[in-house]
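First the structure, in the form of structure tokens, and then the observations on it.
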Amino acid sequence: MMQDISGGPADDQRAASKSVLLNTFVVKKKRCRVYFHRGTLIWETERPPYTRWTLPLTNVLAVRYGDDWIPGVSVKEKQPAQPTSPTTVCPTNFILHYAVRGRKSKWRHHSVTMSHTDPRQVASWVKTIRNYLLGLTYRPRKVMLFINPIGGKKKGVKIWEKEVQPLMTIAGIETKMMVTEHAGHIRDALLTADLSDLHAVVCIGGDGTFAEVFNGLILRAAKDQQIDPNDPDVRLPSPALPVGVIPSGSTDTVAYSLHGTTDVQTAAIHIIFGDSIGLDISSVHSNVTLLRLYASVLSYGYLGDVISDSERFRWMGPRRYDWSGFKKIIANKGYEGEIELLSDPCHPAESTRCTKNCLRCQQHKYNSVCDEEISRLVTVSGKFFMVNGANVSCACSRSPMGFSPHCHVGDGCVDVILIRHTSLINNIRLLLRLSSKQKTLYELPFVEVYRARQFTFRALPMLQFENGLNATRSNSRFSVWNCDGEVIDSTNVKIRVHCQLLKVYTRRAQESI
Ligand SMILES: Nc1ncnc2c1ncn2[C@@H]1O[C@H](COP(=O)(O)OP(=O)(O)OP(=O)(O)O)[C@@H](O)[C@H]1O
């Protein structure tokens, strides 16, 4: 039984969403009744043992004709890629490519072949399913893809060839690919590239590569709209194109915080699905200069020292962080500074966790209350082991809870985590806590946590004692900022959160990571 209304592509898509199909196909050598109704495909065995599968079409990556053909029967079918040149095909099966969410938030590609003796039936089903998928207009069909060949374990190009390209081909996504040749390549390319016929920008790399993409896109949008990004109080424009991130870096915090895993196939499937969310982006200004935009974390003190030291050991791969981390924890003497922040009424420790369909993020998207009205000004000063502004939880495989597991990706706030300078033992306690799967930093007595809409940091000269008596101030002991894994030398900065400035592809993790 089938309802089929012919017309233009839009009519076809409308008809596909209303279609009801019912037929009997052979699936894995068993006769199955197959239904398609309201965007869901169901197939069940006709005879015992009865088994039933339900597949929402939003989980389908593509439908293709299989390689079983019979001669003499011809079915005229419009191929979507070449609508003007109909080809004659007589296939007797079709392959449905779909994705299933498994353990630990990982999605996997599967396929099922459905066979029927009548090619006209096969063609009708393929046409209806294809039209339904074409109706999911938020799915990207043409993307610009950047690969960082030196990030993480230098496997970016291999990841593209072995894991990402095959899935993109199955899904029929056209890609303009570019392998980066130097730092800053992506950002510079996006400032001038023709983006008019693209649906998305995708990168294969770590947090630094992702940061280049959104820094480039946001600066490009500002340039196009003649907005001065150096103005610290400016409302930055949202880029038109969503971004997909496929992890191949050393920490991959953003991918982990968005998808709940750094699994490459999962990230590619999220892009094909096309579901997106609004991600907060924070700007870092020094006086009237925009230094950088960040999505993960901005960190002064210990992590600043680690990132500036570890660049010299990039040849070690991700292990460079262990080496520099060890050296810098031993050497740490703390850094003096003053933080002034606009504190949100919601305290991170009492907040809900940010998962799929997060209420707090949805509410803040349409929030028109100005920051000053609901926030209060708080000033904290002292000597710190680290000062952090976390834009996302900053979870990664080494730190499953991250700096702030309750941080929200789209609530217009950063979680400010201040870690006081205490003892080496406490610093080690903190690092152990960061690698815990259950415990958070919130409970540690030398950690203070705030949720802020903006904050400033001013480094204070360190007190130095001469002859054990006279105290003088010295500028020699300043740290640097670690901004999404890149060094910022200016110590005095102003950070502002731009609520849901960037659209990123993800369905999010369904439950707390
Ligand atoms: N071809 C290239 N040569 C040198 N540097 C590059 C090249 N392409 C990109 N970069 C720079 O490499 C830096 C590191 O990249 P990325 O952050 O992706 O990897 P990572 O540091 O190993 O991972 P993570 O940030 O997740 O820890 C980025 O700052 C980027 O600007």
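Counting starts at 1 for both ligands and their atoms, following the listed order. Heavy atoms only: backbone and side chains are in, while hydrogens, waters and symmetry mates are out. Because the structure is a prediction, the values reported are computed rather than measured.
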> Excluding sequence neighbours, so at least two apart, what forms ring pair (Phe, Tyr, Trp, His ring centres under 6.0 Å) with F385?
Replying inline: Y302
> Is the ring centre of Y300 less than 6.0 Å from the ring centre of F457?
Replying inline: yes
>> If the condition is ring pair (Phe, Tyr, Trp, His ring centres under 6.0 Å), which residues does Y442 pass it with, not counting sequence neighbours?
In response: H406
> Who pairs with Y98 by ring pair (Phe, Tyr, Trp, His ring centres under 6.0 Å), at least two apart in sequence or on another chain?
Replying inline: H110
> Around ligand 1, what residues show up once you keep those with a heavy atom under 4.0 Å from it?
Replying inline: N148, P149, I150, G151, G152, T180, E181, H182, A183, G184, G205, G206, D207, G208, T209, E212, G249, S250, T251, D252, R314, R320, Y321, E486
>> Looking only at the aromatic ring of each residue, does the gap between the centers of Y505 and F273 stay below 6.0 angstrom?
In response: no
> Taking it one step at a time, do R141 and D197 satisfy salt bridge (Lys or Arg N to Asp or Glu O under 4.0 Å)?
Replying inline: CA-CA 10 Å; R141 321 253 172 228; D197 62 341; over 6 Å; no
